[in-house]
Amino acid sequence: MCADLSTKTFEVTDYDLSTTLESGQAFGWRKHGQGWVGVVDRRWVFLESSATTLRAETAGEVRDWSWLIHYLQLELDLGSIVATFPADPPMQQAVRACRGLRLLRQDPWETLASFILSSTKQITQIQQIVRLVCERFGAGVPTPPGHTPAYAFPAAEVLADLGEKQLRDCKMGFRAPYLLGAARAVAQGRLDLNALESMPTEAARTQLSALHGVGRKISDCVLLFAYGRQDAFPVDVWIMKMLREQYFPRRKVNLRRLQRFAATHFGPNAGYAQQYLFHYARSQISQRARDAS
DNA sequence: GCCCAGGTGAAGC
DNA sequence: GCTTCACATGGG
């Protein structure tokens, strides 16, 4: 499928596109030349950024770019968010190290499915699995001439009709029945993802956690990355290690305790703060690895 | 071979 | 309540 090209340039400040797309919140972006290729809202997109601009290309004629503005959260004033973070040393180090890191606003079903696939997997492997699922079961989307085929993340209705074996063949292992169960719950209307939008966070979290294979962490990822809930604070192994080392040194603190701490300590934009801490923790490790070699 | 990866649910205490 | 363990698969 080929189509014409539409381009648009946005003025931006403090928008680090690469860090944002690589920070483990979205798994469908692929580096292409100086930019990135992905699919947003069933549209093929190429993104490229400079210090003050973000240029987008997409297939077909586009007059209204609001879908992309929303996805990239281009109208968000990042400074006013970061200003609400606590002033303690670890948080401020993370802010300095991750300048321009943003939260995307992703499709709820794609986010839920992706994070079901994320448990005890490295980010590169999650990308691999998500890519396989898209290529095998996703709908093709129009691409500009000369580009390789692109696929949207498959709808819940599509995955719901598959067998567990077909999903396992995408290398997702024990997560296959979890994904299938979630797809069927959404396809059959037992879980209404649209309804979560207007629901208090705690109620939405309960709804998501009712799915087999979805607990507190995955629920919080969905609430944060798809719904923008700032009172969602996913605590994964990286955040756990970071919180223990930086805020509770030489003390035994369990997960429950860390969650309670996070819920009050990081302020009204705790979810955003979490992404800064997560990315900072991971970049520290890769920096140490580079220093060692 | 070993340990670990954006976890979760079940079983054990 | 809290802690421990199995669960697929691949990278370092």
Side-chain angles (χ1 to χ4, degrees), chain A residues 19-29 94 98 101-104 106 110-133 136 163-182 185 205-227 229 232-245 248 251-262 266 270-293:
Chain A
T19 299
T20 298
L21 298 182
E22 286 181 301
S23 67
Q25 53 181 317
F27 305 105
W29 291 95
C98 308
L101 173 61
R102 302 287 184 136
L103 285 180
L104 302 169
Q106 302 177 67
E110 178 172 351
T111 308
L112 171 59
S114 299
F115 278 93
I116 285 174
L117 299 174
S118 76
S119 67
T120 55
K121 276 287 177 197
Q122 296 182 147
I123 288 174
T124 55
Q125 293 173 344
I126 305 166
Q127 291 167 335
Q128 225 173 75
I129 299 169
V130 167
R131 189 166 303 155
L132 274 176
V133 171
R136 293 189 183 173
E164 191 181 309
K165 171 81 165 61
Q166 288 171 283
L167 290 177
R168 275 187 191 265
D169 287 346
C170 296
K171 306 181 176 182
M172 65 183 73
F174 63 83
R175 303 159 194 83
Y178 296 159
L179 179 58
L180 193 54
R205 184 183 279 135
T206 303
Q207 292 263 306
L208 290 167
S209 301
L211 296 169
H212 209 57
V214 178
R216 170 69 182 244
K217 191 270 173 182
I218 291 177
S219 295
D220 276 3
C221 284
V222 176
L223 290 168
L224 183 58
F225 301 140
Y227 297 90
R229 296 298 175 90
F233 190 102
V235 179
D236 75 318
V237 288
W238 291 95
I239 288 290
M240 196 166 358
K241 201 181 309 176
M242 145 74 78
L243 292 181
R244 280 177 176 155
E245 286 175 4
F248 302 92
R251 279 208 270 165
K252 258 182 95 86
V253 209
N254 65 19
L255 176 60
R256 246 305 208 284
R257 180 77 204 283
L258 291 176
Q259 280 163 346
R260 280 205 304 271
F261 169 73
F266 292 101
Y272 234 104
Q274 179 277 161
Q275 193 65 5
Y276 272 70
L277 294 171
F278 174 73
H279 190 263
Y280 178 58
R282 292 186 65 237
S283 62
Q284 285 291 99
I285 298 297
S286 43
Q287 183 61 47
R288 279 179 216 165
R290 282 194 294 277
D291 291 345
S293 63

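Residue numbering restarts at 1 for every chain, and letters A, B, ... go by the order of the sequence lines.
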Audit row: A:Phe115, A:Lys217, side-chain contact (heavy atoms from CB on, under 4.5 Å) steps and yes/no: CA-CA 9 Å; A:Phe115 278 93; A:Lys217 191 270 173 182; 4.0 Å; yes

A:Leu104 backbone acceptor or donor facing A:Gln25 side chain under 3.5 Å: yes

A:Leu103 backbone acceptor or donor facing A:Tyr272 side chain under 3.5 Å: yes

Whole-angstrom distance between B:dT8 and C:dG10, as gauged at atom P: 22 Å

A:Leu277 side, atom CG; A:Trp238 side, atom CH2 - distance, nearest 0.5 Å: 13.5 Å

A:Arg256 atom CZ, neighbour heavy-atom count above 12 within 6.0 Å: no

Length of the line joining A:Lys165:NZ and C:dA8:P, which is rounded to integer Å: 14 Å

Under 4.0 Å protein heavy-atom contact, by nucleotide of nucleotides 5-13 of chain B - B base, S sugar-phosphate only: BBBSSS---

Whole-Å distance separating the CD1 atom of A:Ile116 from the C1' atom of C:dT9: 18 Å

Nearest-angstrom distance from the residue atom CG of A:Leu179 to P of C:dA8: 15 Å

Spacing of the P atoms in B:dG6 and C:dT3 (rounded, Å): 23 Å

Atom-pair distance (CD on A:Glu164; P on C:dA8), nearest Å: 9 Å

Test applied, side-chain contact (heavy atoms from CB on, under 4.5 Å); reference residue, A:Arg175; option that passes from A:Leu167, A:Leu180, A:Leu117, A:Ile129: A:Leu117

Contact nearer the 5' end of DNA chain C, comparing A:Arg168 with A:Asn254: A:Asn254

Atom pair distance, as rounded to whole Å: CD in A:Gln127 and P in C:dG11: 13 Å

